[in-house]
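Throughout, residue positions are numbered sequentially from 1 according to the sequence presented. Quick caveat, the model's predicted, so the values are computed rather than measured.
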Amino acid sequence: MDSPALFTHLTAFSLIVFFFRTFTAVPIPSFSLNSFGKDPSFESDFALYGYAKVVNGGFSVQLSGPASASAGRFVYKKPVRVVEGNPRMAVSFSSYFSFSMSPGNGGGLAFAVFPSGFPLDVLNGSSSGLSHGLKERGNRVFAVEFDTSRDAHRGDSNGYHVGFNVADLLSVTVSNVSSINLALNSGDRLNCWIDYEAGSKRVEVRLSKFGDIRPVSPFISHPIDLSEMWNEDEVFVGFSSSSGNSSQTCVVYSWSFNTRPVPHWMHSQPLDPKTLKEDIRPQTVHEKRTCLLRVLAALIFGTGCGALGAFIALFFCTIFGNRRPVAAEEFVMRPVEFEYKKVNVIVVDKSIKDGEK
């Protein structure tokens with residue numbers, strides 16, 4: 001079999017394999033909601049529990065309030081995995097939503113990831129509607145809570161904070177929103193971005209006023225490996241809220257969510273500041289040596305590219321410079337035949353002619 005035919009067959013086989021993998025791949029969960037009741041897939045893809053209901057003509061979902069001890073949940077029905085594929089790959093996810101919390105000291109709002117089997121329809125009127133004693137019951141819930149009240153029994157250092165809850169109502173990391181000049185229960189609409197990076201095993205949260213751009217630096221972050229928490233089990237994402245002993249209402253106006261697999265070569269561990277501090281001198285020498293090697297490699301690469309470019313230029317000059325112009329066929333010069341005849345020339349001397357006169 002000659003080379004062109006072999007190349008054609010290999011190309012066709014590669015395309016067949018590509019399309020087969022594309023159509024048989026596991027679909028990646030992804031959605032974006034800006035109008036809830038008007039979205040045709042809302043009822044089939046999303047579930048409302050407890051007090052949660054679509055309000056404002058279908059443009060928002062109210063999770064709790066104004067009645068005391070009211071609680072509600074808003075959950076995406078399709079399961080999500082933080083580990084999938086063959087070979088196994090960790091999965092990162094990103095979620096954006098806008099929300100508001102009315103004045104009051106209610107039970108707060110939480111963006112939560114529920115394991116399969118969690119009783120989504122069971123709510124209580126406090127602690128964002130999440131049940132107490134999650135760790136003892138074995139419910140591996142991960143939540144980012146937006147709290148507007150200080151609960152001394154849960155170890156809250158202050159109210160108006162954002163915290164990470166890992167299988168427990170006690171937050172492992174907390175940060176006060178007053179540090180970025182925001183108030184959770186002002187009634188104003190806020191933006192929130194939550195990103196889990198499977199490569200660095202870290203969750204980051206960003207907050208801003210509605211209409212402002214996404215902040216560059218996260219407001220709060222926490223190192224965690226969700227693949228160890230759930231392995232390949234299915235989980236569900238959503239919101240949970242409760243009004244507590246107040247009439248506080250929590251409303252979600254928009255919500256988007258997407259996942260992305262992370263190749264194994266992109267995995268990395270979070271940096272340890274203590275390790276960097278101990279190895280300052282060796283690290284500096286290594287960076288200088290690496291820098292010199294990079295400069296040398298760049299010079300060699302540039303020289304090679306320049307030589308290759310000069311060779312190509314000389315090659316084309318040699319081909320096109322020595323070519324002689326070829327006239328078109330209609331302008332080709334052809335020999336022409338001429339007829340020669342003998343002509344007798346008589347010359348009369350003018351002086352003789354004058355003497356005769």
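- Counted within 6.0 Å of CD on E232, heavy atoms from surrounding residues, nucleotides or ligands total more than 12; the atom is thus considered enclosed.
- In terms of hydrophobic clustering, with Ile, Leu, Val, Met, Phe, Trp and Tyr side chains grouped at heavy-atom distances under 4.5 Å, F59 and V251 are assigned to different clusters.
- Between the OH atom of Y96 and the OG atom of S256 there is a distance of 7.5 Å, given to the nearest 0.5 Å.
- With hydrogens and angles disregarded, a donor-acceptor distance shorter than 3.5 Å links the side chain of N185 to the backbone of G104.
- Side-chain contact between L184 and L182 is absent, with no heavy-atom pair separated by less than 4.5 Å.
- Contact record, S221 with T173: O-CG2, 3.9 Å, taken as the closest heavy-atom pair.
- The existence of a salt bridge linking K78 and E234 is excluded, since no basic side-chain nitrogen approaches an acidic carboxylate oxygen closer than 4.0 Å.
- Aromatic ring centres of F93 and Y196 lie closer together than 6.0 Å.
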Criterion side-chain contact (heavy atoms from CB on, under 4.5 Å) on S95 and W255, from CA distance to verdict: CA-CA 7 Å; S95 183; W255 183 22; 3.0 Å; yes
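- Residue V205 comes nearest to I194 through the heavy atom pair CG2-CG1, 4.2 Å, listed as atom of the first residue, atom of the second, then distance.
- Pairing each heavy atom of S241 with each of L63, the nearest pair is CB-CB, 3.7 Å.
- L48 CG to F36 CZ: the interatomic distance, rounded to the nearest 0.5 Å, is 9.5 Å.
- The hydrophobic clustering, which links ILVMFWY residues whose side-chain heavy atoms are closer than 4.5 Å, places Y253 and F111 apart.
- Considering all non-hydrogen atoms of both residues, V83 and S227 come closest at CG2-CB, 3.4 Å.
- Counting heavy atoms from C-beta on, the side chains of S246 and N105 never come closer than 4.5 Å.
- When atom types are taken as modelled, the side chain of R73 and the backbone of Y49 share no donor-acceptor pair closer than 3.5 angstrom.
- There is no side-chain donor-acceptor pair under 3.5 Å between N245 and S68.
- S64 and S242 share no side-chain donor-acceptor pair at under 3.5 Å.
- Residues R81 and W230 have side chains not in contact (no heavy-atom distance under 4.5 Å, counting atoms from C-beta outward).
- When side chains are defined from C-beta on, L190 does not count as touching F146, because their heavy atoms never get closer than 4.5 Å.
- For the pair S254 (side chain) and N34 (backbone), a donor-acceptor distance under 3.5 Å is absent.
- Side-chain atoms of S60 and V55, non-hydrogen and from C-beta on, do get closer than 4.5 Å to each other.
- Side-chain contact annotation: S178 with Y160, donor-acceptor N/O pair under 3.5 Å absent.
- Counting non-hydrogen atoms of neighbouring residues, nucleotides and ligands closer than 6.0 angstrom, the NZ atom of K77 exceeds 12 such neighbours.
- Between the side chain of R140 and the backbone N or O of M229, at least one donor-acceptor pair lies under 3.5 Å.
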Verdict with supporting geometry, D188 and K209, side-chain contact (heavy atoms from CB on, under 4.5 Å): CA-CA 8 Å; D188 295 333; K209 295 180 180 179; over 6 Å; no
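- When the side chains of ILVMFWY residues are joined at heavy-atom separations under 4.5 Å, either directly or via intervening members, M101 and F210 end up in two distinct hydrophobic clusters.
- In the hydrophobic cluster analysis, where Ile, Leu, Val, Met, Phe, Trp and Tyr join through side-chain heavy atoms closer than 4.5 angstrom, V252 is grouped together with L33.
- Considering every non-hydrogen atom in both F236 and S116, the closest pair reads CE1-CA, 4.1 Å.
- Annotation: the span from S128 atom OG to L169 atom CG amounts to 8.5 Å, rounded to 0.5 Å.
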side-chain contact (heavy atoms from CB on, under 4.5 Å) between F31 and F46, intermediate numbers included: CA-CA 11 Å; F31 62 84; F46 299 88; 3.7 Å; yes
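- A side chain to side chain contact (heavy atoms under 4.5 Å, CB included) with F114 is found for exactly one of V237, V235, V141, namely V141.
- For the atom pair R214 CZ and S208 OG, the distance stands at 10.0 Å (nearest 0.5 Å).
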Salt bridge (Lys or Arg N to Asp or Glu O under 4.0 Å) assessment of R202 paired with E204: CA-CA 7 Å; R202 182 176 297 272; E204 298 179 345; 5.1 Å; no
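- F97 is connected to V80 through a chain of hydrophobic side-chain contacts under 4.5 Å among Ile, Leu, Val, Met, Phe, Trp and Tyr, so both are in one cluster.
- Counting only N and O atoms by type, the side chains of N165 and S171 include a donor and acceptor under 3.5 Å apart.
- A pairwise comparison of heavy atoms in A198 and V262 identifies CB-CG2, 4.0 Å as the closest pair.
- In this structure, the separation between CD on Q248 and OG on S243 is 8.0 Å, given to the nearest 0.5 Å.
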V177 vs F219, side-chain contact (heavy atoms from CB on, under 4.5 Å): CA-CA, chis, key distance, verdict: CA-CA 8 Å; V177 296; F219 162 64; 3.9 Å; yes
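- With rounding to the nearest 0.5 Å, the separation of CG in N56 from OG in S35 is 11.0 Å.
- Under the 3.5 Å distance criterion, with hydrogens and angles disregarded, a donor-acceptor pair is assigned to the side chains of R260 and S94.
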